[in-house]
There are 2 protein chains.
Amino acid sequence: MTQPATSKGEATRQHILEAALAAFRDRGFTNTTMRDIAKGAGMSLGAAYHYFDSKDAIVAAYYEWMQEEHERRYASAVEGGTVAARIKSILTTKLDLLRSDRKILVALFATLADPDHPLSLFGRGTSTVRDRSVDMFREAFDGSGLPEELESLAGYAAWMAHLGVMIYLIHDGSKAQKRTHLLADAVGDLFGFMVPVATVPPFSMFLDWAADLARQLGAPGS
Amino acid sequence: MTQPATSKGEATRQHILEAALAAFRDRGFTNTTMRDIAKGAGMSLGAAYHYFDSKDAIVAAYYEWMQEEHERRYASAVEGGTVAARIKSILTTKLDLLRSDRKILVALFATLADPDHPLSLFGRGTSTVRDRSVDMFREAFDGSGLPEELESLAGYAAWMAHLGVMIYLIHDGSKAQKRTHLLADAVGDLFGFMVPVATVPPFSMFLDWAADLARQLGAPGS
DNA sequence: GTCTATACCCGGATAGAC
DNA sequence: GTCTATCCGGGTATAGAC
């Protein structure tokens with residue numbers, strides 16, 4: 001990725017990004033050409049490629065911006081002290097952030113299963129952003145009394161559940177994405193329920209089993 | 001999709017499909033061009049397009065063939081009477097079937113999150129194949145004593161878990177996909193465990209909650 | 001360093017002659 | 001049913017203006 005040195009360049013980059021996102025939201029990712037984006041930003045094709053190496057690089061920049069914005073919004077959201085409230089808040093702020101961006105999400109999830117693609121959500125190219133996202137979920141369990149290893153595992157599990165919520169969001173045709181919000185609340189409740197019963201049989205036996213399995217499996221691609 | 005009327009046409013179609021799959025397995029989906037496929041099948045580009053409307057249509061044909069072959073193999077596999085054994089058998093026969101085809105799977109999962117794409121695993125274009133696959137899992141619960149509505153739900157849940165297993169398979173670098181087999185066994189055990197405890201508190205409360213949620217959510221896209 | 005213009009390659013998809 | 005020629009868009013390359 002080209003790194004513009006000047007603040008003017010940075011502004012232009014931002015300008016192109018916004019033109020691209022507007023086009024993606026309007027016509028979808030595949031139906032938007034790089035020539036459209038350049039024209040929308042009022043510049044030549046070559047200039048657009050000067051700032052973004054590829055169309056995917058624009059999505060990558062969006063992904064990074066989205067994660068930063070998500071952290072900002074979550075930080076300023078009134079966050080309850082319970083695990084369930086925190087996870088619901090993480091998911092709800094994200095759903096609000098993505099409300100108009102479902103067509104862009106499609107582009108992000110298109111490479112989910114391609115380990116070699118730089119934009120793959122499980123791949124190396126996205127590890128920085130992914131780690132920050134996983135951390136948000138892991139921190140939701142801070143101070144909950146969950147054993148440390150289980151906390152780390154729960155954070156990763158919640159992050160994966162959050163991927164499922166995003167896929168559901170893309171397909172959700174209900175008004176104001178009501179059903180996805182329902183799902184998000186259920187995910188929060190599920191993880192919130194897990195914490196107090198984590199050490200109580202018979203649930204503890206199930207969690208031990210799951211933790212043991214996760215230990216043997218590792219994260220995808222590892 | 002073009003439907004060749006003659007048996008000679010059907011043979012040509014099969015011939016192209018095999019050339020395409022060989023190329024996909026060798027070089028991956030994106031690195032294989034339609035010109036490569038046509039050349040591999042010993043014909044011109046236009047001729048190949050006469051049999052398959054698009055590159056994705058080849059993947060769709062593979063998807064259909066794969067489902068049929070999976071049903072054949074599962075039917076002839078020694079299948080234990082327990083739910084766990086059945087689910088493990090469904091997953092294991094599928095993993096065997098896909099052993100060399102992980103690069104093709106990438107193409108199938110690329111449109112997972114795109115509701116409008118004809119190849120989307122949740123979309124309309126794949127509903128026939130999907131329904132048959134979901135049925136395999138639903139039938140694994142037949143005679144288990146699970147209430148009917150829960151059986152249907154469990155079948156769908158198992159099918160979705162199976163999607164997760166396939167994504168894990170794509171990323172699995174372990175020898176002979178050992179780790180994916182571990183995961184598949186765990187999925188079988190999990191659903192097998194569910195059946196006898198489905199009506200026993202506290203598990204029944206959890207399942208009631210999940211069933212109620214699923215009822216409100218519906219399947220993705222519905 | 002920022003940007004334009006233009007020509008080009010490659011690969012998916014199409015048109016139309018035969 | 002098969003071919004050649006062509007279009008279209010992502011992406012590259014280059015020459016040059018400021």
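We name chains A, B, ... by the order of the sequence lines, and we start the count at 1 in each one.
Within the 4.0 Å cut-off from OP1 or OP2 of C:dC3, not a single side-chain nitrogen or oxygen of A:His50 is found. Between A:Thr12 and C:dC3, a side-chain N or O to OP1/OP2 separation shorter than 4.0 Å is present.
With salt bridges taken as basic N to acidic carboxylate O contacts below 4.0 Å, one links A:Arg138 and A:Asp135.
Annotation: side chain to side chain donor-acceptor pair (under 3.5 Å) contacts of B:Ser174 (sequence neighbours excluded): B:Asp172. A search for salt bridge (Lys or Arg N to Asp or Glu O under 4.0 Å) contacts involving B:Arg35 returns nothing, not counting sequence neighbours. Under the salt bridge (Lys or Arg N to Asp or Glu O under 4.0 Å) criterion, A:Arg27 pairs with A:Asp36, not counting sequence neighbours.
If you take CE of A:Met43 and P of C:dC3, they are 5 Å apart, rounded to a whole angstrom. Going from atom CD1 of B:Ile16 over to atom C1' of D:dG1 covers 11 Å, rounded to whole Å. Between the NZ atom of B:Lys39 and the C1' atom of D:dC3 there is a distance of 15 Å, rounded to whole Å. Rounded to a whole Å, the CZ atom of A:Arg13 is 15 Å from the C1' atom of C:dG1. Computed from coordinates, the B:Phe52 CZ to D:dG1 P distance equals 13 Å when rounded to whole Å.
Within 4.0 Å (heavy atoms only), B:Gly42 reaches no atom of the nucleic acid at all.
For the pair A:Ala20 and A:Ile58, the tightest heavy-atom approach, listed with the atom from each and the gap, is CB-CG2, 3.7 Å. B:Gly155 and B:Phe141 get closest at one heavy-atom pair: N-CE1, 3.9 Å. Minimum interatomic distance between A:Thr126 and A:Gly123 (heavy atoms only, all atoms of both residues): OG1-O, 3.3 Å.
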Can you give one letter per nucleotide of nucleotides 10-18 of chain D, going 5' to 3': B for a protein heavy atom under 4.0 Å from the base, S for sugar-phosphate only, - for none?
BBB------
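Rotation axes derived from the C1' atoms of the five outermost pairs at either end of the helix from C:dG1-D:dC18 to C:dC18-D:dG1 lie 10° apart, to the nearest 10°.
Figure legend: B:Lys55 and B:Phe29 shown as a cation-pi pair, the cationic atom lying under 6.0 angstrom from the six-membered ring centre and within 45 degrees of its axis.
Residue pairs meeting the salt bridge (charged side-chain N to carboxylate O under 4.0 Å, His left out) criterion with at least one partner in residues 96-107 of chain A, sequence neighbours excluded, are A:Arg25-A:Asp101.
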